[in-house]
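Presented below is the structure to which this report refers.
Lettering follows sequence order; numbering is per chain, from 1. Everything numeric here is computed off the predicted structure, so don't read it as measured data.
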There are 2 protein chains.
Amino acid sequence: MPRVGLTPDQVVDHALALIDEQGVEALTLASVAARAGVATPSLYKHVSGGLTELRRLIAVRVTEELADRLAEAAVGRSGDDAVTAVLRAYHAYATGRPHRYNALPQAPQPDDDLTRAAARLVGVIVAVLRGYGLDGPEVIHAARTVRSLAHGFASLSIAGAFQLAEDLTTTHDRLITTLTTSLHTWPTTTAS
Amino acid sequence: MPRVGLTPDQVVDHALALIDEQGVEALTLASVAARAGVATPSLYKHVSGGLTELRRLIAVRVTEELADRLAEAAVGRSGDDAVTAVLRAYHAYATGRPHRYNALPQAPQPDDDLTRAAARLVGVIVAVLRGYGLDGPEVIHAARTVRSLAHGFASLSIAGAFQLAEDLTTTHDRLITTLTTSLHTWPTTTAS
DNA sequence: GGCTAAGGCTAATAGCCGTAGCTTTATGGC
DNA sequence: GCCATAAAGCTACGGCTATTAGCCTTAGCC
């Protein structure tokens with residue numbers, strides 16, 4: 001039949017569109033194939049590892065997107081301003097495309113590609129943290145704290161875990177203040 | 001054939017054992033039924049909503065367990081001591097039974113049972129935070145910050161997102177200090 | 001002792017993933 | 001311009017899953 005001319009990237013595109021519309025549990029090779037206008041087994045020509053590899057590719061793509069957003073938010077800013085912008089960008093991405101963000105933990109074991117993408121994301125955070133005079137092991141501990149706060153808040157927000165009436169935006173502001181304040185007095189790099 | 005005498009609680013027990021051993025993606029009605037010594041459709045007599053309801057029941061159970069651990073950790077302590085103990089207990093539970101903790105987000109929409117269980121968990125945190133003189137809306141914002149940090153760190157730890165060589169225990173210590181420090185200067189309950 | 005309801009079963013449907021093997025389309029070398 | 005080859009599509013199939021329908025047997029109660 002007529003060649004569609006798929007590429008692995010296009011398969012991921014279709015998968016992400018499907019996830020955005022119907023959630024991560026709707027991701028199935030059959031529905032991706034239908035959307036791509038192709039029979040299910042044909043996908044294996046482009047994503048040889050099947051569903052597992054597709055999920056891996058999705059995680060890589062989403063991590064790269066997120067890293068891009070954080071990098072954009074950080075450019076031209078420093079200190080508290082940069083941290084605030086990065087955290088807001090993180091939350092905006094996660095809540096703007098919640099299903100996509102939820103696809104992140106569906107990846108199998110972290111592999112080289114995913115590690116590379118995550119490293120870029122961490123790199124943005126580390127760069128911002130250097131504005132506080134942090135380096136050595138302490139910048140890593142601080143970056144992990146930043147990621148924990150950002151991911152925890154995003155993940156719980158998406159899951160609907162914050163059910164009380166209090167304004168979520170205020171919570172986010174408090175959370176950002178918590179972080180920036182703590183970064184100013186972060187243990188300077190001495191002992192391990 | 002001979003009655004096994006299953007109850008919904010026992011079905012959840014078997015499901016959790018299976019998750020602990022083989023991970024959350026191995027949770028299938030077929031394998032739970034096999035472990036319970038029963039044919040797959042028989043499970044519907046106890047868990048009428050099928051797999052979806054089983055996942056819901058699992059989330060409720062795990063949330064209750066976690067709330068129990070946090071409550072135990074908090075008893076007899078107050079202030080920084082209590083916050084530290086609660087955060088350590090949270091992380092110990094999550095990393096001690098990682099697959100079980102990962103089963104948490106598999107729940108469908110939060111329903112009454114899950115909301116009740118989560119409310120107890122939040123109640124423990126709120127009680128601890130009152131030791132800092134917080135109340136009104138601010139105690140909620142603070143509790144959300146605590147949950148975000150605890151969940152984010154636990155979730156990323158389990159996922160293997162912290163790949164660098166720096167000691168995770170040190171990161172956790174920094175994170176706890178960040179939190180306690182920030183709680184001491186938390187905005188007192190005035191405006192919204 | 002018999003009725004009822006609960007808890008088990010088998011059978012069947014529908015959907016999914018993944019493999020095998022065939023066919024067609026492009027493409028590149030001659 | 002033609003032909004060989006590899007890539008990209010297809011159909012057919014096997015095996016797993018959830019879920020529903022309908023039957024049978026057990027346990028318990030009046």
Which listed nucleotide ([options]) is nearest to the side chain of [X]?
X: H46(A); options: dT19(C), dC9(C), dA8(D); answer: dA8(D)
X: Y44(A); options: dT19(D), dC10(D), dC17(C); answer: dC17(C)
X: V38(B); options: dG9(D), dC9(C), dC17(C); answer: dC9(C)
X: P41(B); options: dT19(C), dT20(D), dT17(D); answer: dT20(D)

[N] [atom2] sits how many Å from [X] [atom1], rounded?
X: L51(A); N: dC16(C); atom1: CG; atom2: C1'; answer: 10 Å
X: L27(A); N: dC16(C); atom1: CG; atom2: P; answer: 12 Å
X: L29(B); N: dT17(D); atom1: CG; atom2: C1'; answer: 9 Å
X: L43(A); N: dC10(D); atom1: CG; atom2: C1'; answer: 13 Å
X: E53(A); N: dC17(C); atom1: CD; atom2: P; answer: 15 Å
X: L18(B); N: dT17(D); atom1: CG; atom2: P; answer: 11 Å

Mind checking whether [X] and [Y] have parallel, tilted or perpendicular rings, split at 30° and 60°?
X: H184(A); Y: Y132(A); answer: perpendicular
X: H91(A); Y: H172(A); answer: tilted
X: H151(B); Y: Y101(B); answer: tilted

Ring centers of F153(A), Y90(A) separated by less than 6.0 Å: no
Polar side chain donor-acceptor pair, H141(B) to T171(A), under 3.5 angstrom: yes
Side-chain N or O of T28(B) closer than 4.0 Å to phosphate OP1/OP2 of dA18(D): yes
Touch class at under 4.0 angstrom, heavy-atom based, for S42(B) against every strand present: base
First of K45(A) and A30(B) reached from the 5' end of DNA chain D, by closest nucleotide: K45(A)
DNA chain C: 5'-proximal contact among S31(A) and A39(B) (nearest heavy atom): A39(B)
